[in-house]
2 protein chains.
Amino acid sequence: MSPIAVFDRPLTSVDLTIFSVARETLQVLLVRRSGAPEEPFPEVWALPGGFVDLRQDADLEHCALRKLREKTGVVAPDLEKVGSWGSAVRDPRGWSVTTVYLALIAAGGTALAAGGNAADARWWPIEGSRVRERLAFDHGEILKAAIARLRNKVEYTSLPAFLLTPEFTLTELQQMYEVVLGRTLEKKAFRTRMLATDLLEEVPRMKEGRSRPAQLYRLANRRRPVFFARTFSPRD
Amino acid sequence: MSPIAVFDRPLTSVDLTIFSVARETLQVLLVRRSGAPEEPFPEVWALPGGFVDLRQDADLEHCALRKLREKTGVVAPDLEKVGSWGSAVRDPRGWSVTTVYLALIAAGGTALAAGGNAADARWWPIEGSRVRERLAFDHGEILKAAIARLRNKVEYTSLPAFLLTPEFTLTELQQMYEVVLGRTLEKKAFRTRMLATDLLEEVPRMKEGRSRPAQLYRLANRRRPVFFARTFSPRD
DNA sequence: AGAATAGTGTCTCTAAGACAGTATGAT
DNA sequence: ATCATACTGTCTTAGAGACACTATTCT
């Protein structure tokens, strides 16, 4: 094989699908692209992301974490690969490959005001499998795939716990599942299932409200989501 | 944002994890790298793959299909993204990103003799989550992730059907599942489950053998794997 | 007392696991 | 008849779904 010429190298970027829940709706973080006319898709909304910086980024995940920090000021508790998209035509500047990550962040608390172009970052509600706005590049298709991945994974993991503040009630957790999945869940089955794992720890405190107080829980292990049993489950 | 200099572009490749089953063992296709001393990892076994050809390949999946065809002469019935790996150090030639695909091909029938360096392509048995040989680059880690993905997906899809010839018996299908998962399955539950979907179609023929003939089936829809019901399954 | 929300009891239903039993071919 | 393998009957168990019921706070 001959040496690889630089013109054989595609443009390489990272994009992020960052989800949260606000006002009982799944939301995704988008940024508005620069208005400079030499840029593709000027002023069009897009997934946050950007080109890999070979001097700054040790690997793709570091690059994604850096972009996330620059755009939102948060450190993602969970960053998951969604896939990569690469073709000759997805970017008018030439053959390009993007690697896409997915992150869930807690509702409300995040100030988007950190970066320079932060005024042009905002949450968009998911309607079905998309946002109302038409997105730059193939980001509409990518977002669709990320939502599908998220919904699928929520069926059998504790991922939605990352959408909540450190302490929460079972009802709040159930609401996160329901918002992401777009359907209601049965209360008793949900609670039995959640408590059957070692996912949650009671904290010795109740959430007071307008009625009966609710037990507060926190994640027993903040790092990675728990996987629930599924079909063909191994014998023990 | 300033224009992207070519030296900001990582090397970009595609690698394939191609699995089959032979002699009751899951096998992965590996190729031996060139012995030329200026190449990294000379004569070391590696996943088949190579750099994207910006003039030849329309997109990453076409590139993967081309590599697969060049190495094995088969057209993959199912090509699935596993993920991408990119870092400054995974290739000694510089910052590189590889996108990894997974394919299952039917046992036995495939002649590996197609390409030029075909003598250096062979099936390696999977032992646990790896092959005995030490692989080039980070291909050991990538293979481990691909096997994990495969095993996980087999728990709830009809993927192993792609490991079989067009017509097969339920016992043969069950054996494919058992080999991939590395554990035995209960016969009655397996058959009930398979026949409960519209995955299979009876063909009006039996497989004759040393004992009672077995009903032959084929896939009702050859295109994509079927997904089985799982926890939190939607109400109908 | 009544509203509101937290949390439980319990029945049904489905599908997996276990495993013994029956069916149908070759020899 | 015996062996080998295909295929089924049926009991048990685990967990989801349904849904009514009880519990604890507030006003």
Side-chain angles (χ1 to χ4, degrees), chain A residues 24 152 154-158 160 164 167-179 181-218 226-236, chain B residues 24 154-158 160 164 167-178 181-218 226-236:
Chain A
E24 300 186 359
N152 182 54
V154 162
E155 296 277 356
Y156 58 93
T157 69
S158 62
L164 288 166
E167 297 187 355
F168 50 84
T169 69
L170 282 178
T171 300
E172 289 167 344
L173 183 57
Q174 182 171 350
Q175 283 164 352
M176 290 301 115
Y177 274 86
E178 291 177 342
V179 165
L181 291 173
R183 71 174 197 268
T184 60
L185 298 174
E186 207 284 322
K187 179 164 60 166
K188 185 65 191 299
F190 180 83
R191 301 170 85 93
T192 305
R193 179 176 178 153
M194 288 298 149
L195 297 175
T197 68
D198 55 357
L199 169 66
L200 302 177
E201 273 177 0
E202 279 190 15
V203 300
R205 192 168 30 254
M206 308 292 277
K207 169 162 183 168
E208 314 281 341
R210 283 189 300 276
S211 72
R212 175 174 171 176
Q215 179 65 53
L216 284 166
Y217 293 86
R218 60 185 163 88
V226 166
F227 284 67
F228 300 121
R230 59 170 64 178
T231 46
F232 277 154
S233 57
R235 304 156 200 178
D236 46 358
Chain B
E24 300 187 358
V154 162
E155 294 279 354
Y156 59 93
T157 69
S158 62
L164 288 165
E167 297 186 355
F168 50 85
T169 68
L170 283 179
T171 300
E172 289 167 345
L173 183 56
Q174 182 171 351
Q175 283 164 353
M176 290 301 114
Y177 274 86
E178 291 177 341
L181 291 173
R183 70 174 197 270
T184 61
L185 298 174
E186 208 285 319
K187 180 163 59 170
K188 185 66 191 297
F190 180 82
R191 300 170 85 92
T192 305
R193 178 176 178 153
M194 287 300 149
L195 297 175
T197 68
D198 55 356
L199 170 65
L200 302 178
E201 273 177 2
E202 279 190 16
V203 301
R205 192 169 28 251
M206 309 292 277
K207 169 163 182 167
E208 314 283 339
R210 284 189 300 277
S211 73
R212 176 173 170 176
Q215 179 65 53
L216 283 166
Y217 294 86
R218 60 184 165 87
V226 166
F227 285 67
F228 300 122
R230 56 170 61 177
T231 45
F232 277 153
S233 58
R235 303 157 202 178
D236 46 358

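Note on naming: letters A, B, ... go to the chains in the order of the sequence lines (proteins, then strands), and numbering restarts at 1 for each one.
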What's touching nucleotides 6-9 of chain D from the protein side, N or O pairs under 3.5 Å?
residue, atom, partner, partner atom, Å
dA6(D), OP2, T171(B), OG1, 3.4
dA6(D), N3, R212(B), NH1, 3.0
dC7(D), OP1, Q215(B), N, 2.9
dC7(D), OP2, R191(B), NH2, 2.7
dC7(D), O5', R191(B), NH2, 3.0
dC7(D), N4, K187(B), NZ, 2.5
dG9(D), N7, K188(B), NZ, 2.8

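In this structure, Y217(A) and L195(A) have side chains that are in contact, with non-hydrogen atoms separated by less than 4.5 Å.
When rounded to the nearest whole Å, the span between CD of E208(A) and C1' of dA4(C) equals 15 Å. Counting to the nearest Å, the P atom of dG7(C) and the CD atom of Q175(A) are 12 Å from each other. L216(B) has its CG atom 14 Å from the P atom of dG25(C), to the nearest Å. Summarising the geometry, the separation between OH on Y156(B) and P on dA16(C) is reported as 16 Å, rounded to the nearest angstrom. Look at OH on Y177(A): it is 18 Å from C1' on dG17(D), rounded to the nearest Å. The distance from atom CG of L185(B) to atom P of dA15(C) is 17 Å, rounded to the nearest whole Å.
Residue R210(A) has a polar side-chain atom (N or O) positioned under 4.0 Å from OP1 or OP2 of dT5(C). Remark: R193(B) is not in phosphate contact with dA15(C), judged by side-chain N or O atoms under 4.0 Å from OP1 or OP2.
Partners of E201(B) by side chain to side chain donor-acceptor pair (under 3.5 Å), not counting sequence neighbours, listed by chain and number: R218(B).
A distance of 8.5 Å separates CE in M176(B) from CG in L173(B), rounded to the nearest 0.5 Å. Atom CD of E208(B) sits about 7.5 Å away from atom CE of M206(B), to the nearest 0.5 Å.
Using a 30° and 60° split on the angle between ring planes, Y177(A) and F190(A) fall in the perpendicular class, above 60°.
Formation of a donor-acceptor pair under 3.5 Å by the E202(B) side chain with backbone atoms of Q215(B) is not found in this model.
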